[in-house]
2 protein chains.
Amino acid sequence: MVTMSEVARAAGVSVMTVSNVLNGRSNVGADTRLRVLEVVEELGYEINLTARRLRSGRTGTIGLIVPQFDLHYYGELASRISEALAPEGMHLVVEQSGASRERELSALSLARLQQYDGVLLSAVGLDMADLERIHPDVPIVLLGEQAVPDRYHRVRMGNVVGSRLATEHLIRCGAHRIAVLGGKLSAPHPEMATCRAQGWSQALEQAGLPHDPGLVIPLTTYSIAEARAAVATAIDGGLEVDGMFAVTDEVAIGALAGLHDAGLRVPDDVQLAGFDNLGISEHLVPGLTTIDPGHPVMVAEALRLLRRQLEDREAGPEHVVGDVSLIVRGTTRARDTSSPAPG
Amino acid sequence: MVTMSEVARAAGVSVMTVSNVLNGRSNVGADTRLRVLEVVEELGYEINLTARRLRSGRTGTIGLIVPQFDLHYYGELASRISEALAPEGMHLVVEQSGASRERELSALSLARLQQYDGVLLSAVGLDMADLERIHPDVPIVLLGEQAVPDRYHRVRMGNVVGSRLATEHLIRCGAHRIAVLGGKLSAPHPEMATCRAQGWSQALEQAGLPHDPGLVIPLTTYSIAEARAAVATAIDGGLEVDGMFAVTDEVAIGALAGLHDAGLRVPDDVQLAGFDNLGISEHLVPGLTTIDPGHPVMVAEALRLLRRQLEDREAGPEHVVGDVSLIVRGTTRARDTSSPAPG
DNA sequence: TACGCAAGATTTATCGTTAAATCTTCGGCA
DNA sequence: TGCCGAAGATTTAACGATAAATCTTGCGTA
């Protein structure tokens, strides 16, 4: 492997001059710079990022830690972030934590964090106490809904508002008994499932509709397969609904299949709404009515918070909540085109 | 940040002894080992992976480079590989190349490759000449279908066989005019789209059915949205078919939507088969008939090839082709339950 | 003439770890 | 008694880069 000192020797200059050239520093003469660049080209030299990092601390790499690569939401998130970083010359590497507390902790170990200039963490397994204990010396931005200590920078969606919007829409479209798929009524700390169930229950309450625990279909992995089975089981078990709010689009896809399994038609027998507005949701048959969480804005905000910390390690923590909007498609009946949509 | 020498000082031993303890080397006394571990715990010391890598060359990290995080195939691939590596104590980081030649080249730069002990590359933008030019000093396994120089280790699917299986099944189920969505009849070098179109045309030819260029619906990004639009446009333009082989499940999802847009029912008017057996394919309505490429085996093989290179840098290149199998679901008519399926 | 200063280049000292060689002990055995 | 070898620990010298300080010129100006 070619090193900087070999380049230096071949160009007849010092190692430091090569370093100066490659880092675009101004204290090099034009002819020297040219000669160094020629030699670099000729020998096929490339910088050793490991050595640079050890000495300078900078890596040009941002880490993104997600629970599962194969949940579509995270794939889309990773893709968006990667594209947003590319023009800045930084690049993104993504790790999967498997949604387990141990592996999230391991991903957050100093050893692993050191590898990055900054980290975006989409945590689901860690609790408040874990996060309280950790004092990373790398800029971190948390993405997601779980409760976190104040000192963390954080971006999250308007979960309660969005869920209420979705549920209100189901109600306006004529649904009276609306289940929440993947909802959770209580938990030690707020998380995605509780926030979204909260919006659901607010909407029902306001409309004077029932929101009894029997309407909550709990999930644990939020996979399509789990959601499908849970819906089919619930219907088989006698659950009667004419509307369903799925806490994510991923589980809404499972719900579509599960309702079909149970012989129910969407939207004729049961209307359905999701949350996340995945890329695929538009292309389901029928198209999925859902909540758009404003992905581009959330990504931009997350990166802004990260950059702010990179520039100023003492930057005070910010807490950003994204704007949500309702996207109406075929899984709900177009009953209320006359009345203006709120939000 | 706590360093090894601080631990050493606090424990009253040399830095090397701390290193020996942490790396489980046997030349440390039991009591010394215990004392060092206590101090490590007490100070919250964690190893600096950057320094270790610089000195020893080992990182414990495998890199996976994929074109797009948000194509479901790659999300599933990344997830499987990550899970397969976890028990070995290695971990996976994933990078997105954006399917562009430049960014694939940049991801393959020495500088970036050095960061990993080994790399799995799912390349689509690079051509034979690019790969010929590159001489990485890190073990690499190529995943995918493009032509590659012999010296690379490589795992790919049984594209031609699988596509023929899928098309034959469409024929057995009564389809006579079968389009190939995302197919490509010729290209400078073999790639996914040409291999899969080849299986399609073989099946048609053998059955004495037409496989004229008019039945080829080309795609460039292989996204759901592109596929949907292409199908709708083709049908609007007068294409009449009773069967469609989509080169990936992802584009099959788009086809389902596009056919629906055009007022055609699946499988009643047009039967549809895909390729990849994505997790979601089973849960579409109707379920997608597709080719299963044996993901677990492919992942295991890819990692075996990587390990082989890690253990022996001179290991001769291997070229593994996965076994495929037909998965019959609702997008094809169950016409031929009597006749045994081949393969 | 002499001084100061900027530009261009080099020297020195690390960053935190590990490979390899070296140094102590001390028990066993001739 | 004296020598050998194993076990346990230390010393030395890097890995490849960069920050900071230092060293040359050469030119403008007093």
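Proteins get letters first, then strands, A, B, ... in listed order; numbering begins at 1 in each. Values below: all heavy atoms of this structure, side chains included; hydrogens, waters and symmetry mates excluded.
By the 4.5 Å heavy-atom criterion applied to side chains, B:Leu108 and B:Ile140 are counted as neighbours.
Separating the CG atom of A:Asn23 from the P atom of C:dA9 is a distance of 16 Å, rounded to the nearest angstrom. When rounded to the nearest whole Å, the span between CZ of B:Arg58 and P of C:dG16 equals 24 Å. As a whole-Å value, the separation of A:Leu34 CG from C:dA9 C1' is 17 Å. Per the geometry, CE belonging to A:Met4 stands 16 Å off P belonging to C:dA9, to the nearest Å. A:Asn27 has its CG atom 9 Å from the P atom of C:dA9, to the nearest Å. In this structure, A:Asp31 atom CG and C:dA9 atom C1' are separated by 12 Å, rounded to whole Å.
B:Thr3 comes within 4.0 angstrom of the backbone, heavy atoms only, and of no base. Note on B:Arg25: only backbone sugar-phosphate atoms sit closer than 4.0 angstrom, heavy atoms only; bases stay farther off. Looking at heavy-atom distances under 4.0 Å, B:Val15 makes contact with a base.
No side-chain N or O of B:Glu132 forms a donor-acceptor pair with one of B:Tyr152 less than 3.5 Å apart. Checked by atom type, the side-chain pair B:Tyr116/B:Glu95 shows a donor-acceptor distance below 3.5 Å. Side chains of A:Thr61 and A:Arg53: no donor on one and acceptor on the other come within 3.5 Å.
Nucleotides of DNA chain D nearest to A:Met16 and A:Met1 differ in position, and the one nearer the 5' end is that of A:Met1.
Contact detail for A:Asn48 and A:Met1: the closest heavy-atom pair is ND2-CE, 4.3 Å.
Taking every heavy atom of residues 36-56 of chain A and every atom of DNA chain C, pairs under 4.0 Å involve A:Leu54, A:Arg55, by number.
Within the 4.0 Å cut-off from OP1 or OP2 of D:dA9, not a single side-chain nitrogen or oxygen of B:Thr17 is found. Phosphate contact (OP1/OP2 of C:dA9, side-chain N/O of A:Thr32, threshold under 4.0 Å): present. Side-chain nitrogen and oxygen atoms of A:Asn20 include none within less than 4.0 Å of the OP1 or OP2 phosphate oxygen of C:dA9.
Crowding of A:Asp137 atom CG: a count of heavy atoms from other residues, nucleotides or ligands under 6.0 Å exceeding 12.
When distances are taken from the side chain of A:Ser14 to each of D:dT18, D:dT11, C:dT11, the shortest belongs to C:dT11.
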Practice task
For A:Arg35 and A:Glu42, run salt bridge (Lys or Arg N to Asp or Glu O under 4.0 Å): C-alpha distance rounded to whole Å, both residues' side-chain angles, the deciding distance at 0.1 Å, then the answer.
Solution key: CA-CA 10 Å; A:Arg35 186 150 34 91; A:Glu42 189 182 315; over 6 Å; no

